[in-house]
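FYI, side chains are in, hydrogens and waters are out, and symmetry mates aren't considered; it's all heavy atoms of this structure.
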Amino acid sequence: MIGLFGIVDAFLRWMDEDDYDNDGNYIPEAELAINEEPRNTEGTRMKCVHKYYLTKDKNHDVEFVFMHMGLSGWRAYIMTDIDYKKRRDDFSRTHRLIDHNQDHTRRCAQIADNYDSDDELNYICWTENVYSLDKMMAIAAAWCEITFYYIRYGGVFSEIQKKLSDRGII
């Protein structure tokens, strides 16, 4: 697991401020009740935030849809098809999981620029529920930096995380 508790806001290099409800309607950020107590009722609208992350070396941008999952908190869906080149791309090594929920697939396809609902829907594997959108964005940012380091140089996520943290990249 990646320890990210010391990430500062300056690290977040996010572009595009599109926020949508589950019907594809734009919601200004001021109206997103991110810090309210999550409710898991049928009438609750699914909160989604669409953003791109640009790596610090400015060589890669990754599209995400952050979806509020009710009592489970936020999830970061990876909308960019990442080419792992010669590196192994199994899910445990790359810290990804697959979501087979058709509602989530449809929702991401409505919002994302680079996602087709026929594609596999991947999200970042994280062992704890994340109730803060800012924290989930920090996790996604670190995941991007570690992923592209892994693609270029190889290694193991936990070792790469320590190396990048020591260098002040994450």
Side-chain angles (χ1 to χ4, degrees), residues 1-19 29 32 34-35 38 47-101 104-105 107-108 111-115 119-170:
M1 181 167 81
I2 307 166
L4 301 173
F5 299 106
I7 293 184
V8 294
D9 290 342
F11 170 69
L12 298 175
R13 303 168 47 84
W14 293 94
M15 305 172 294
D16 198 9
E17 297 297 324
D18 297 338
D19 301 328
E29 192 165 348
L32 274 177
I34 294 168
N35 294 322
K47 295 181 199 103
C48 295
V49 179
H50 176 232
K51 300 226 184 248
Y52 283 84
Y53 178 78
L54 178 66
T55 56
K56 284 196 169 185
D57 64 8
K58 296 183 171 73
N59 287 329
H60 308 280
D61 63 342
V62 180
E63 182 181 18
F64 287 95
V65 170
F66 296 92
M67 192 178 296
H68 193 267
M69 309 302 288
L71 296 175
S72 299
W74 289 93
R75 185 177 284 176
Y77 288 97
I78 308 155
M79 301 290 97
T80 302
D81 186 21
I82 296 175
D83 179 5
Y84 284 88
K85 303 191 187 306
K86 62 183 178 196
R87 302 289 175 205
R88 292 182 53 193
D89 64 353
D90 53 280
F91 289 103
S92 64
R93 186 176 304 270
T94 60
H95 291 260
R96 295 176 297 144
L97 293 171
I98 300 173
D99 188 337
H100 297 286
N101 183 305
H104 299 165
T105 301
R107 188 70 194 103
C108 287
I111 296 171
D113 297 327
N114 299 299
Y115 178 71
D119 294 342
E120 186 176 80
L121 184 59
N122 292 294
Y123 63 97
I124 294 174
C125 177
W126 195 251
T127 58
E128 302 170 358
N129 292 342
V130 179
Y131 297 107
S132 161
L133 176 58
D134 288 340
K135 183 175 179 183
M136 181 50 53
M137 288 173 61
I139 290 166
W143 180 88
C144 287
E145 299 293 343
I146 293 167
T147 294
F148 288 104
Y149 183 97
Y150 167 73
I151 291 168
R152 186 167 186 186
Y153 301 107
V156 177
F157 258 58
S158 60
E159 294 169 6
I160 297 169
Q161 184 272 331
K162 182 176 179 355
K163 198 176 293 187
L164 295 181
S165 181
D166 290 348
R167 294 179 186 171
I169 295 172
I170 60 173

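- The minimum heavy-atom distance linking G168 with K56 is given by the pair O-NZ, 3.8 Å.
- Under the side chain to side chain contact (heavy atoms under 4.5 Å, CB included) criterion, R93 pairs with R88, D90, Y150, sequence neighbours left out.
- The side chain to side chain donor-acceptor pair (under 3.5 Å) search around R75 returns Y77, D99, not counting sequence neighbours.
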**OP:** Just do the side chain to side chain contact (heavy atoms under 4.5 Å, CB included) check on I78 and V62 with the steps written out, would you?
**Re:** CA-CA 7 Å; I78 308 155; V62 180; 4.2 Å; yes
Subject >> Stepwise side chain to side chain contact (heavy atoms under 4.5 Å, CB included) check, K47 with W74 >> reply: CA-CA 9 Å; K47 295 181 199 103; W74 289 93; 4.1 Å; yes
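- Using a 4.5 Å heavy-atom cutoff, the side chains of N122 and L97 are not in contact.
- Using modelled atom types, one side-chain atom of Y131 and one backbone atom of L71 make a donor-acceptor pair closer than 3.5 Å.
- Contact annotation: the side chain of Y123 never approaches that of M67 to less than 4.5 Å [non-hydrogen atoms, C-beta and beyond].
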Original post:
Would Y115 and L121 satisfy side chain to side chain contact (heavy atoms under 4.5 Å, CB included), going step by step from the backbone distance to the final call?
Top reply: CA-CA 9 Å; Y115 178 71; L121 184 59; 3.5 Å; yes
**OP:** Could you give me the CA-CA distance, side-chain angles and deciding distance for T147 and F157, then say whether side chain to side chain contact (heavy atoms under 4.5 Å, CB included) is met?
**Re:** CA-CA 8 Å; T147 294; F157 258 58; 3.5 Å; yes
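- Side chain of W126 to backbone of H95: no donor-acceptor contact under 3.5 angstrom is found.
- Looking at E145, its side chain never comes within 3.5 Å of a backbone N or O of I169 through a donor-acceptor pair.
- N59 meets the side chain to side chain donor-acceptor pair (under 3.5 Å) test with D57; sequence neighbours excluded.
- Inter-residue side-chain proximity for I124 and I139 is flagged as met; some heavy-atom pair is nearer than 4.5 Å.
- A distance of 6.5 Å separates CG of L164 from OH of Y149, quoted to the nearest 0.5 Å.
- To the nearest 0.5 Å, the span separating CD1 on I170 from CD1 on I146 amounts to 4.0 Å.
- Across A112 and V65, no two heavy atoms sit closer than the pair CB-CG2, 4.2 Å.
- Rounded to the nearest 0.5 angstrom, Y153 OH and K163 NZ are separated by 10.0 Å.
- Taking the six-membered ring where the residue is Trp, Y52 and H50 present perpendicular rings, their angle passing 60° and hence far from 30°.
- Under a cut-off of 6.0 angstrom, the local environment of CG in D89 is crowded, with over 12 non-hydrogen atoms contributed by other residues, nucleotides or ligands.
- Taking the six-membered ring for Trp and thresholds of 30 and 60 degrees, F148 and H60 have nearly parallel ring planes, at less than 30 degrees apart.
- Put simply, CE on M136 and NZ on K51 are 14.5 Å apart, with the number rounded to the nearest 0.5 Å.
- Heavy atoms only, all atoms of each residue included: G154 and I160 are closest at O-CD1, 3.6 Å.
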